Amino acid sequence: MCESVTPADQRNVEVKARIPGGSEGFEQRLILARNLSGSQDAQLIEQRDVFFESPLGGRLKLRYLQTPSRSQLVYYDRPDVAGPKLSKFNKTEVDEPEVLEKILSQSNGVLGVLAKRRHLFLCGQTRIHLDEVKDLGYFMELEVCLTEDQTLEEGQAIAEKLSRELGIQEADLMIGSYFDALRKLNH
């Protein structure tokens, strides 16, 4: 009999923050992120995330991406706290997202949909996201992609340094996800 080996969860340290100052504040952060990334232009990504009930905890979403990119099914679990936090996640590319959405809607139930335009910059091992979230506003997210041998503390140190360089203030830090904030706004 063949033994199946479950791959280890992927890990990153995340920071999510609101960007104050509307579109002007957002443009200022785009300049800072571009400078930190070595003056590269951002990769622009249009996303539509469908969130599903996740009966065992964490969050489950189907991320629709524009072709030629493939859509993704993403499960992640992270504490709802402000500041740098460990996120464990698994994702897989999906060729027929509409079919998978129907199956997950029937089996798990849909919580809602979130649409955003993401500006992605890379700075070392960190993904800097500047997000325009429909019906919610402007945000920044840092994802420090941890290597297998890196500790949470090492990732937090990187995230804290970049947070300072990008002008993220403690008052702007988010506790939950964009989707959590959107649900609170609509209820």
Side-chain angles (χ1 to χ4, degrees), residues 7-49 59 61 63 65-66 68-72 74-93 114-134 136-181:
D9 291 335
Q10 296 178 60
R11 305 175 308 138
N12 61 33
V13 171
E14 292 186 9
V15 174
K16 264 191 200 306
R18 290 175 180 77
I19 296 178
S23 60
E24 187 176 300
F26 188 75
E27 290 298 325
Q28 291 170 352
R29 298 297 166 79
L30 281 171
I31 292 167
L32 288 173
R34 188 176 298 114
N35 290 340
L36 282 172
S37 69
S39 299
Q40 68 175 1
D41 285 332
Q43 179 184 354
L44 190 60
I45 306 167
E46 297 284 343
Q47 298 178 349
R48 187 172 73 85
D49 294 343
R59 294 177 174 96
K61 65 183 172 184
R63 170 165 290 156
L65 298 169
Q66 293 182 328
S69 297
R70 293 167 69 198
S71 296
Q72 302 169 335
V74 182
Y75 170 82
Y76 63 100
D77 194 13
R78 68 166 182 253
D80 288 332
V81 296
K85 57 194 144 284
L86 181 65
S87 176
K88 294 180 182 179
F89 65 97
N90 290 289
K91 65 182 175 179
T92 189
E93 292 185 327
L114 181 123
K116 66 185 167 215
R117 172 179 288 142
R118 171 163 282 173
H119 303 257
L120 169 65
F121 295 93
L122 300 176
C123 180
Q125 70 189 81
T126 304
R127 297 168 55 93
I128 302 171
H129 303 156
L130 282 99
D131 295 330
E132 301 172 72
V133 182
K134 184 178 179 188
L136 206 54
Y138 300 100
F139 299 86
M140 181 181 300
E141 179 179 57
L142 306 177
E143 292 180 349
V144 181
C145 303
L146 297 176
T147 60
E148 277 188 34
D149 60 339
Q150 269 185 312
T151 66
L152 170 61
E153 292 75 21
E154 290 170 318
Q156 286 173 325
I158 294 167
E160 288 167 356
K161 179 180 184 291
L162 279 173
S163 292
R164 286 190 300 275
E165 293 173 344
L166 289 163
I168 295 174
Q169 302 296 313
E170 191 170 333
D172 298 324
L173 294 174
M174 291 184 66
I175 291 174
S177 68
Y178 298 150
F179 185 68
D180 295 340

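All residue numbers in this chain count up from 1 along the given sequence. Everything quoted here is computed from the prediction, not taken from an experiment. Values below: every heavy atom of this structure, side chains too, minus hydrogens, waters and symmetry copies.
Heavy atoms only, all atoms of each residue included: Glu154 and Asp149 are closest at OE1-O, 4.1 Å. When all heavy atoms of Ala82 and Leu173 are compared, the pair lying nearest together is CB-CB, 3.9 Å. Heavy-atom minimum distance, Pro84 versus Gln156: O-NE2, 3.5 Å. For Ser177 against Arg59, the heavy-atom pair with the smallest separation is OG-NE, 3.7 Å. For Met174 against Ala181, the heavy-atom pair with the smallest separation is CE-CB, 4.1 Å.
Glu165 meets the salt bridge (charged side-chain N to carboxylate O under 4.0 Å, His left out) test with Lys161; sequence neighbours excluded.
Around the CD atom of Glu170, the shell of radius 6.0 Å holds no more than 12 heavy atoms that belong to other residues, nucleotides or ligands.
A distance of 8.5 Å separates CG of Leu162 from CD1 of Ile168, quoted to the nearest 0.5 Å. Rounding to the nearest 0.5 Å gives a distance of 3.5 Å between CG of Asp131 and OH of Tyr178. The CZ atom of Phe89 lies 5.0 Å from the CG atom of Asn12; values are rounded to the nearest 0.5 Å. Note that CD of Glu93 is 8.0 Å distant from NZ of Lys91, once rounded to the nearest 0.5 Å. Between the CD atom in Glu46 and the OG atom in Ser69 there is a gap of 11.5 Å [rounded to 0.5 Å].
Taking 4.5 Å as the limit, every side-chain heavy atom of Asp49 sits out of range of all side-chain heavy atoms of Phe179. At a threshold of 4.5 Å between non-hydrogen side-chain atoms, the residues Ser37 and Ile128 do not count as touching. Under the 4.5 Å side-chain criterion, counting only non-hydrogen atoms from C-beta, Ile19 is in contact with Leu130. Between Arg34 and Asp41 the shortest side-chain heavy-atom distance falls below 4.5 Å. The shortest side-chain heavy-atom distance between Tyr76 and Lys61 falls under the 4.5 Å cut-off. With contacts defined as side-chain heavy-atom distances shorter than 4.5 Å, the pair Ile175/Asp180 does not qualify. Side-chain contact between Leu114 and Lys116 is present, with at least one heavy-atom pair separated by less than 4.5 Å. In this structure the side chain of Leu120 reaches within 4.5 angstrom of the side chain of Leu122, judged on heavy atoms.
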Worked verdict on Thr92 versus Gln72 for side-chain contact (heavy atoms from CB on, under 4.5 Å): CA-CA 6 Å; Thr92 189; Gln72 302 169 335; over 6 Å; no
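Of the possible donor and acceptor atoms, one in the side chain of Arg11 sits under 3.5 Å from a partner among the backbone N and O of Gln150. Between the side chain of Arg29 and the main chain of Leu166, a donor-acceptor pair closer than 3.5 Å is present. Within the 3.5 Å criterion, the main-chain N or O of Cys145 finds a donor-acceptor partner in the side chain of Gln125. Using modelled atom types, one side-chain atom of Lys85 and one backbone atom of Gly83 make a donor-acceptor pair closer than 3.5 Å.
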Sequence neighbours excluded and cut-off under 3.5 Å, please list the side-chain donor-acceptor pairs for residues 137-144, or say none.
residue, atom, partner, partner atom, Å
Glu141, OE1, Arg118, NH2, 3.0
Glu141, OE1, His129, ND1, 2.7
Glu141, OE2, Lys16, NZ, 2.4
Glu143, OE1, Arg127, NE, 3.4

